[in-house]
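Written below as structure tokens is the structure these notes are about.
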Amino acid sequence: MVATALLGALDGARKKGQLKTDAWPALTLDAPKRPEWGDLASTVAMSLASSEQRAPHDIAQIIVENLPRREQLFERVEIVRPGFLNLTVKASLWQEVLKEIESYGTAYGKTDLGRGRRVLVEYVSANPTGPLHVGHGRGAAVGQAVARLLEEVGYDVDSEYYINDAGRQMKLLGASVYARYRELSGQPVEFPEDGYHGAYITAAAERIKQQLGETARNLAPADLEERCRALAYQDLLAQIREDLNLFGIEFKSWFSEASLLESKAVEQVLDELKSRGLLFEQEGAWWFRSSAFGDEKDRVVKKQDGEYTYLASDIAYHRDKLRRGYDLLIDVWGADHHGYIPRMQAVMQAYDHPKERLHVVLVQLVKLLRAGAEVKMSKRTGSFVTMREVIDEVGADAAKFFFLMRDSRSHLDFDLDLAKQRSADNPMYYVQYAHARISSLWRVAAARGMTCPPAAEADLSVLTDPDELGLIRKLSAYPELLQTSASAFEPHRVTYYLQQLAALLHTFYNKHRILPPAVGQEPSEAEPAEELTPKKTAARLVLMRGVQQVIRNGLAVLGISAPEQM
RNA sequence: GCGCCCGUAGCUCAGUUGGAUAGAGCGCCGGGCUUCGAACCCGUAGGUCGCAGGUUCAAUUCCUGCCGGGCGCACCA
């Protein structure tokens with residue numbers, strides 16, 4: 001509304017010949033840092049200064065003169081020093097925000113930035129060769145939040161888990177489990193060199209031994225090893241699903257790498273590339289000409305020994321995603337795979353898509369801290385903290401909140417002791433507490449026979465206190481926050497926003513009363529307190545409901561619950 | 001050597017895509033519950049935004065070069 005007014009002013013000025021430029025710069029309307037600078041500030045005048053060849057202050061003056069409906073929209077319009085345009089919006093406009101939140105409810109914040117374009121977010125996708133560890137947990141939280149964020153801004157979003165159930169790693173899994181199996185049977189074993197050493201391998205072998213029982217006798221060693229591989233795979237995949245389920249993560253689909261090989265999709269894709277002249281043979285291997293699309297060198301897709309590389313199935317997989325008609329592919333990867341991005345984007349281009357069709361969200365390592373010391377992890381030796389352990393220890397909500405507190409590209413220090421603490425120090429409880437506090441308000445109100453009126457029936461014009469307006473301003477910024485977070489694929493901004501909103505709520509709650517004192521209770525004489533009329537109570541209840549709604553919506557984006565009481 | 005990411009308060013990190021006096025939590029110090037939840041609030045102290053140039057009316061933000069840390073640079077996945 002304010003932006004259109006501003007645009008109207010610019011167009012008006014141009015028609016009158018007061019301004020020359022016909023391409024306006026992006027209208028950034030930011031909430032200024034200091035309240036005395038108004039509700040919204042614009043820097044258009046300054047950015048127009050060079051192209052107009054006039055002093056920013058003069059341009060600002062022209063804009064102000066041309067502002068349409070200035071009296072109705074703005075309480076105050078100021079031009080400050082270099083050329084800032086500080087706008088103070090009429091309080092009545094802010095009241096509309098509360099009505100909007102009420103009518104949209106859980107949909108408040110949704111926009112149509114994505115215009116229904118289809119997105120596939122692929123995340124976690126851990127090899128089914130062991131339990132998920134903390135790093136996967138962060139990837140899971142980030143992937144889910146990015147998916148929800150994109151949904152909020154109007155994309156049609158699907159989520160998928162890619163199962164690497166083919167190739168060397170699976171063979172190694174089979175060999176490792178088989179070795180443990182023989183060990184359990186008292187047979188001599190030679191443990192595979194790069195085998196998996198974790199205790200879960202032995203555990204899987206034990207389960208398989210029980211499962212197979214006597215039937216194992218009739219199997220040739222090679223068949224038995226194959227059975228070990230197949231059963232261990234099922235076992236571990238089931239565990240992964242269970243862990244993700246416990247973490248509140250669900251995928252729309254699970255895609256198997258092996259299925260690509262079985263269906264000959266890999267072969268087909270390589271044929272396609274060959275016919276496009278993007279594949280060549282050298283030194284007995286087949287190479288994908290990824291350097292033609294900006295990759296630093298070409299990559300092998302079929303080895304000398306005739307086996308396909310991981311890249312080959314990855315090409316087929318992403319080809320499949322494109323064929324399914326997605327406008328945007330999001331892959332959430334561990335940061336150590338960043339070198340892989342150019343070659344996958346080359347795949348996009350090989351199929352005549354812009355490389356931006358694939359966006360990779362990188363997730364950095366998690367450093368676990370306990371009692372101030374780092375918990376050392378090594379996947380090779382099998383000593384690592386699993387995602388399951390973290391969830392069991394701190395709970396799914398706290399785990400997600402901590403995973404989403406930082407930019408995913410930054411290293412994350414995860415303090416287990418802090419996440420576990422149900423105390424003031426834990427930022428997740430700070431946000432949830434704000435929500436629960438408002439719920440508690442409803443309980444008390446109900447006990448006194450009061451209810452929160454619909455926004456339309458309350459006189460919201462009594463909400464004039466800076467603390468009240470500050471809260472509303474913050475609420476009004478929520479839809480745009482979702483947009484910037486989504487277009488940057490940065491869910492941590494939502495986490496920050498929620499902490500800020502919760503802080504405003506707590507301050508307000510501490511300073512102002514909402515309900516009148518219960519019957520029989522005298523208001524304190526020491527503090528005269530502000531006048532609390534029934535009107536004000538009603539308006540503040542509406543405000544509180546708005547705050548609660550936005551906290552709930554924001555937590556939902558992060559996949560975190562909003563408890564009524566704690 | 002080449003490439004990507006990071007460098008902001010004692011610690012852990014934000015900083016709304018280039019704006020005004022750089023913010024928050026933790027920690028330190030000092031205050032606040034007889035009334036809607038003190039899992040909270042208020043206040044004090046704490047900064048050469050790694051360094052040096054450049055672009056700009058304006059740089060923590062963009063560009064270049066250094067320094068420091070992490071990660072990649074397979075016919076592994």
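Note that this is a predicted model, so its numbers are computed, not measured. Lettering follows sequence order; numbering is per chain, from 1.
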Which atom pairs, donor and acceptor, lie under 3.5 Å between side-chain atoms of residues 333-347 of chain A and protein residues at least two apart or in another chain?
unit_1, atom_1, unit_2, atom_2, d
A:His338, ND1, A:Ala335, O, 2.8
A:Gln345, NE2, A:Leu358, O, 3.1

Next item on the list: Start with the C-alpha gap between A:Glu281 and A:Lys274, add the side-chain angles, then the distance that decides, and say whether salt bridge (Lys or Arg N to Asp or Glu O under 4.0 Å) holds.
Entry: CA-CA 10 Å; A:Glu281 195 176 11; A:Lys274 207 181 290 182; over 6 Å; no

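- No contact: A:Asp165 has no heavy atom under 4.0 Å from any strand.
- Evaluation of the side-chain contact (heavy atoms from CB on, under 4.5 Å) rule for A:Ile62 yields A:Ala13, A:Gln18, A:Leu19, A:Arg54, A:Asn66 as partners, not counting sequence neighbours.
- Every side-chain contact (heavy atoms from CB on, under 4.5 Å) that A:Ser176 has, sequence neighbours left out, goes to A:Phe191, A:Pro192, A:Tyr196, A:Ile201.
- The ring of A:Trp37 lies on top of the base of B:A20, close enough and flat enough: under 5.5 Å between centres, under 30° between planes.
- Among the heavy atoms of the strands lying under 4.0 Å from A:Tyr340 is at least one base atom, whether or not backbone atoms are also near.
- Distances were taken from every side-chain heavy atom of A:Tyr433 (C-beta onward) to each of B:A39, B:A77, B:A20; the shortest belongs to B:A39.
- Comparing the same atom, P, in B:G3 and in B:U17 gives a spacing of 30 Å after rounding to whole Å.
- In this structure A:Arg76 satisfies the salt bridge (Lys or Arg N to Asp or Glu O under 4.0 Å) test together with A:Glu78, sequence neighbours excluded.
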Atom pairs and distances, donor-acceptor, side-chain atoms in residues 497-507 of chain A, under 3.5 Å, two or more places apart:
unit_1, atom_1, unit_2, atom_2, d
A:Tyr497, OH, A:Lys474, O, 2.6
A:Gln500, OE1, A:Lys474, NZ, 2.7
A:His506, ND1, A:Arg437, NH1, 3.0
A:His506, NE2, A:Tyr430, O, 3.1
A:Thr507, OG1, A:Ala503, O, 3.0

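- With sequence neighbours excluded, the residues forming a salt bridge (Lys or Arg N to Asp or Glu O under 4.0 Å) with A:Asp467 are A:Lys511, listed by chain and number.
- Here the separation of B:A38 from B:C71, taken at their C1' atoms, is 45 Å to the nearest Å.
- Considering only side-chain N and O atoms, A:Arg409 lies nowhere under 4.0 angstrom from the phosphate OP1 or OP2 of B:G70.
- A donor and an acceptor atom never sit less than 3.5 Å apart when one is taken from the side chain of A:Asp194 and the other from the base of B:A77.
- Centre separation under 5.5 Å together with a plane angle under 30° holds for the ring of A:Phe84 and the six-membered base ring of B:A20, marking them as stacked.
- Residues satisfying the side-chain contact (heavy atoms from CB on, under 4.5 Å) test with A:Glu152, not counting sequence neighbours, are A:Lys110, A:Leu482, A:Val557.
- In terms of the side-chain contact (heavy atoms from CB on, under 4.5 Å) criterion, residue partners of A:Arg406 (sequence neighbours excluded) are, by chain and number, A:Arg138, A:Leu412, A:Tyr496.
- Within the nucleic acid shown, A:Glu480 has no heavy atom closer than 4.0 Å to any nucleic acid atom.
- With sequence neighbours excluded, the residues forming a salt bridge (Lys or Arg N to Asp or Glu O under 4.0 Å) with A:Glu393 are A:Arg370, A:Lys420, listed by chain and number.
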What's touching nucleotides 2-4 of chain B from the protein side, N or O pairs under 3.5 Å?
unit_1, atom_1, unit_2, atom_2, d
B:G3, N2, A:His338, NE2, 2.4

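- Comparing B:U16, B:A77, B:G37 against the side chain of A:Ser440 picks out B:G37 as the nearest.
- In summary, of the residues considered (A:Tyr317, A:Phe255, A:Trp254), a ring-ring contact (aromatic ring centres under 6.0 Å, His included) with A:Tyr161 occurs for A:Trp254 alone.
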Heteroatom pairs (N/O) under 3.5 angstrom, protein to nucleotides 28-32 of chain B:
none

Distances for protein N/O vs nucleotides 7-10 of chain B N/O pairs under 3.5 angstrom?
none

